[in-house]
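Numbers restart at 1 for each chain; the letters A, B, ... are given by sequence-line order, proteins then strands.
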Amino acid sequence: MSTSDPSAERPRENFIYDIIDEDLDQGTYGDRVVTRFPPEPNGHLHIGHAKSIVLNFGIKHDYADRADTQCHLRFDDTNPKTESPEYVESIKDAVNWLGYDWEDHEYHASDYFEQFYRYAITLIKQGDAYVDSLSEEKIREYRGTVDEPGTPSPYRDRSVEENLELFCKMKAGEFEDGEHVLRAKIDMSSPHMIMRDPLLFRILHAPHYRRGDEWCLYPMYDYAHPLEDAIEDVTHSLCTLEFDNNRRVYDWVMEHCLDADEIPARPRQYEFNRLNLGYTVMSKTKLRHLIEEDLVDGWDDPRLPTISGLRRRGVPPSAIRSFCREVGVTRSQSRVQIGHFEHALRDDLNPTAPRVMAVLDPLKVVVTNWDEDEVDWINANHWPRDIDKDETRPVPFAREFYIERGDFREDPPEDFIRLAPGREVRLRHAYFFTCEEVVRDEDGTVTELRGTIDPDTRDSTAPDGRSPDGTLHWVSAAHGIPFEARLYDRLFGVPDPDAREDHFTEFLNPDSLNVRQGVLEPAVRDLDTDQRVQFERQGYFWADPDTSRPDALVYNQIVPLRDTWSGGEEGLTQEELAQQRREKEQRKEEQRRRSLEGKTDPAEHLDDAQRDRFTHFHNELGIDREDAATMAGDDALADFFEQALEHYDAPEPLANWTVNELLGRLNDRTVAALPLGPDEFADLVRLVDAEVISTRGADEVFHELVENGGDPEAIVDARDLRQVDDTEALRPTIQAVLGDHPDEVARYRDGKKGLIGFFMGQVMQATDGAANPELARTLLQEELEPAA
RNA sequence: UGCCCAGUAGCUCAAUUGGCAGAGCGUCCGGCUCUGGACCGGGAGGCUGGUGGUUCGAAUCCACCCUGGGCAACCA
């Protein structure tokens with residue numbers, strides 16, 4: 001489905017939708033869902049931005065029936081050196097064209113400068129920020145490296161008063177660029193480089209395109225962005241994967257700038273994978289390079305992935321939207337095949353582009369059994385049979401017409417089903433034609449074909465039922481309109497021009513633009529000039545909005561038709577597929593070998609005290625090396641384990657639970673922060689050990705303990721989780737489950753044995769995890785295979 | 001030798017949070033009296049990166065390893 005209305009398109013599930021669903025359920029933000037698209041106005045938008053636009057505005061549309069939704073267009077204009085109003089206009093134009101409306105939610109970060117400043121004052125007063133007077137170089141030096149901690153700046157401990165005074169002077173313009181900066185006071189030894197006292201403000205004596213010379217103090221992204229989101233009450237702040245690290249500062253700024261009561265409903269940042277398209281480049285600098293070096297014709301060159309380029313090429317906005325919804329929004333980096341994009345274009349254009357005939361590389365054909373003056377006006381349908389539309393146009397057939405030069409071969413290969421000497425083909429919408437004579441010039445080049453039509457085949461069928469394999473498009477020589485066709489191919493010859501050692505321009509495809517002088521059937525004159533059409537058997541085209549004139553038509557190829565005959569450009573051949581499979585197999589084998597080689601002793605990295613503990617766990621308690629090392633390597637965890645051991649002396653099950661279950665639920669917390677202590681933990685393990693509860697039941701109890709604490713046995717009683725070991729008590733439940741799922745039972749008996757898991761799940765659910773799993777499994781098998 | 005993220009069909013992604021490994025694209029075969037392309041039907045394709053562990057049951061939890069990517073701008 002493709003329409004001009006973005007809200008009519010179906011949403012595609014992704015993890016961000018899951019998060020929003022969850023927040024709506026929990027009421028985290030009440031019924032609000034507010035997203036934003038935050039470009040910096042320092043360049044033109046491309047298809048990668050479109051993915052973000054479609055995601056953010058798509059959420060606004062998709063949740064409109066369930067929530068109070070908004071999507072803000074925010075210009076993140078905090079760097080006066082690179083930004084300009086022309087870019088603002090170009091971006092607004094692009095978002096509009098894509099079909100989205102930000103209503104009255106157009107914002108500029110530069111409008112928030114006063115608030116950024118006030119928040120900074122707050123941070124200074126709290127002791128969370130300080131003015132640093134180190135040089136740019138020194139700051140870098142002091143920051144350390146990835147494996148060496150940074151060292152604090154000598155200015156780090158300036159008094160609040162001094163900081164305040166200095167910061168005011170910075171704003172007042174009393175210093176030169178780079179003399180001072182404002183930094184957050186976080187942790188110079190953090191393993192996360194980004195947390196080593198990130199810069200908040202720098203001095204920049206540069207006029208801002210909106211604020212003029214009002215400010216000489218400009219905020220950094222890491223400081224400004226969270227505040228922009230907070231100021232606008234954004235709920236879900238979506239950005240690309242490379243901002244993953246920045247989320248730490250994002251959260252820090254929120255926690256330290258906002259009031260306590262604002263924190264629960266504060267904006268949160270989520271990262272998704274950016275769009276990487278094959279055979280093109282997408283970075284601003286690379287695009288700019290192509291334009292400045294005149295390697296393409298400007299930002300709107302139809303070969304470029306820019307919005308303006310795609311627009312000029314003729315790509316409909318609805319096709320871009322559906323493409324962006326089809327590509328995955330995930331956290332795994334990926335490169336999307338250009339074929340996917342082309343498929344999305346064809347899918348969109350197929351039901352909307354009327355068919356016409358055009359010959360791009362004309363070869364003249366003369367019908368010897370047709371009168372010179374006779375013209376047969378044929379009523380030809382604009383639409384193929386599978387499209388539910390019925391509009392026709394008159395197409396003139398006369399003695400001389402053009403066909404595609406490539407549709408004729410003098411000595412055709414085996415599977416060639418087009419025209420050759422002595423062969424008969426079907427002329428689209430017209431007669432069967434047989435080639436009888438080939439005319440050449442002195443160079444031997446074919447200049448003309450001569451032959452005859454069968455007058456009894458005007459409606460494309462023959463009275464004797466014969467049916468040629470090939471169908472050719474054609475255009476009457478006397479009626480055809482000469483025109484220029486511009487065929488575009490991928491800009492680069494390799495899928496990853498930006499990821500190679502050589503400069504990316506080395507890989508430019510010299511044939512990315514191919515200009516042809518063709519002839520067009522006259523009925524196109526009756527179509528709107530901006531109507532996208534299909535030239536039959538060739539592709540989708542539209543008149544170039546910049547250069548096409550009524551007396552000199554120029555058509556851009558939007559996308560060619562899929563071509564299974566001439567060796568697919570996008571699809572892979574069987575051999576290529578097999579090759580790819582082999583390569584993958586080899587990669588796996590290699591990885592397997594290396595991963596085995598790289599194995600280390602789990603106790604290797606322990607310090608002396610930890611090693612003693614490890615020895616104790618392993619040798620005296622009989623815990624296996626890996627688990628013993630895992631616990632010994634985490635002092636708090638080991639303490640917890642030992643305390644639990646005092647309460648219930650069963651080393652092995654306790655170790656299993658500590659490592660496999662407890663560690664899994666811990667995430668970033670330490671055991672000390674949990675609402676359950678070692679005694680309760682030990683009690684839980686005892687209950688499982690004594691088979692009072694099943695592991696599944698224990699899982700539920702454990703979940704409750706981790707969330708709210710409490711007494712394990714009390715929870716078991718309250719939830720009635722005591723394990724059911726009684727065959728007669730369990731059998732009815734099992735029979736009920738089987739009775740509720742007759743289809744699955746049939747499929748199981750048919751051989752789909754994997755369904756045993758499904759039945760187990762049902763039984764465990766029905767009993768809230770109380771059923772003894774082994775018994776349940778046995779009984780299920782008994783019931784499912786009665787005769788056995 | 002740090003920290004973070006990700007590895008599921010050839011490709012892009014799913015998998016109701018521990019319970020049937022699926023979809024789209026591509027590919028192959030068949031159908032369609034008029035596009036070699038559109039449309040319809042069907043097939044093949046998987047050791048879920050690896051090894052061990054926890055569990056009645058693991059793509060999912062734990063440990064270690066392997067592979068790829070990101071992070072050390074007074075850019076965003």
Side-chain angles (χ1 to χ4, degrees), chain A residues 13 40 42 76 78-79 82 136 139-140 143-147 177-178 181 190-194 196 199 201-204 220-221 225 241-245 271 326-328 330-334 336-337 339-340 343 346 350 355 384-387 417 426 428-429 459-461 465 467 469-471 473 534 536-537 560-565 568 570-574 576-578 580-581 584 587-588 590-600 602 624 626-627 629-630 656-657 659-661 663-664 694-696 699 744 747 752 754-762 764 772-774 776-777:
Chain A
E13 294 263 320
E40 184 188 14
N42 69 348
D76 203 1
T78 57
N79 184 358
T82 59
E136 186 172 347
I139 286 178
R140 227 192 305 272
R143 186 147 36 217
T145 64
V146 283
D147 34 38
D177 289 7
V181 293
S190 170
H192 308 282
M193 298 292 296
I194 195 120
R196 320 246 256 228
L199 273 66
F201 275 99
R202 81 279 208 189
I203 298 170
L204 231 45
M220 304 294 296
Y221 169 86
H225 208 88
L241 244 24
E242 66 270 24
F243 290 95
D244 187 293
N245 282 291
E271 310 86 32
E326 276 162 28
V327 301
T330 68
R331 292 187 58 91
S332 60
Q333 65 210 35
S334 56
V336 176
Q337 290 175 352
H340 275 104
H343 177 263
R346 293 187 196 109
N350 179 37
R355 273 58 169 174
R385 67 179 179 284
D386 54 292
I387 287 168
I417 58 170
R426 191 195 314 271
R428 181 72 167 143
H429 299 298
D459 60 352
S460 295
T461 53
S467 178
D469 285 332
T471 301
H473 59 275
Q534 184 196 108
E536 292 215 36
R537 302 211 302 138
L561 253 27
R562 206 168 73 101
D563 188 345
T564 52
W565 189 74
E570 77 209 28
L572 298 166
T573 65
Q574 290 294 82
E576 283 169 323
L577 274 173
Q580 279 201 13
R581 287 199 180 104
K584 185 161 185 166
R587 268 202 311 276
K588 273 197 182 181
E590 177 73 1
Q591 273 189 34
R592 174 201 177 86
R593 198 177 54 73
R594 290 196 183 194
S595 83
L596 252 29
E597 275 174 5
K599 278 248 166 186
T600 54
D624 79 60
E626 283 184 357
D627 286 359
T630 304
N656 277 343
W657 268 81
V659 172
N660 293 304
E661 307 298 329
L663 214 48
S694 67
T695 46
R696 164 74 182 252
D699 206 52
E744 282 80 5
R747 279 166 57 212
K752 183 99 179 160
L755 281 166
I756 191 76
F758 165 77
F759 291 123
M760 280 296 291
Q762 293 293 316
M764 296 313 274
N772 175 335
E774 278 168 276
R777 182 173 286 259

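In this structure, the nucleotide among C56(B), G24(B), U54(B) sitting nearest to the side chain of H340(A) is G24(B). Checked against U35(B), C56(B), C74(B), the side chain of P773(A) finds its nearest nucleotide in C56(B). Closest to the M760(A) side chain, of the nucleotides C56(B), A76(B), C20(B), is C56(B).
Comparing the same atom, C1', in G36(B) and in C47(B) gives a spacing of 40 Å after rounding to whole Å. Nucleotides G50(B) and G24(B) are separated by 29 Å at their C1' atoms, to the nearest Å. Atom P of C40(B) sits at a distance of 16 Å from the matching atom of C32(B), rounded to the whole Å. For U60(B) and A15(B), the C1' atoms lie 10 Å apart once the distance is rounded to whole Å. Spacing of P atoms, A63(B) relative to C3(B), comes out at 13 Å, to the nearest Å.
Place E242(A) and D699(A) on RNA chain B by their nearest nucleotides, and D699(A) ends up nearer the 5' end.
Within the nucleic acid shown, F243(A) comes within 4.0 Å of at least one base atom, counting heavy atoms only. N79(A) comes within contact range of the sugar-phosphate backbone alone, with a heavy-atom separation under 4.0 Å but no base atom that close.
Not a single donor-acceptor pair, N or O on each side, falls under 3.5 Å between the base of G70(B) and the side chain of D244(A). With hydrogens and angles ignored, a donor-acceptor pair closer than 3.5 Å exists between the side chain of R537(A) and the base of G37(B).
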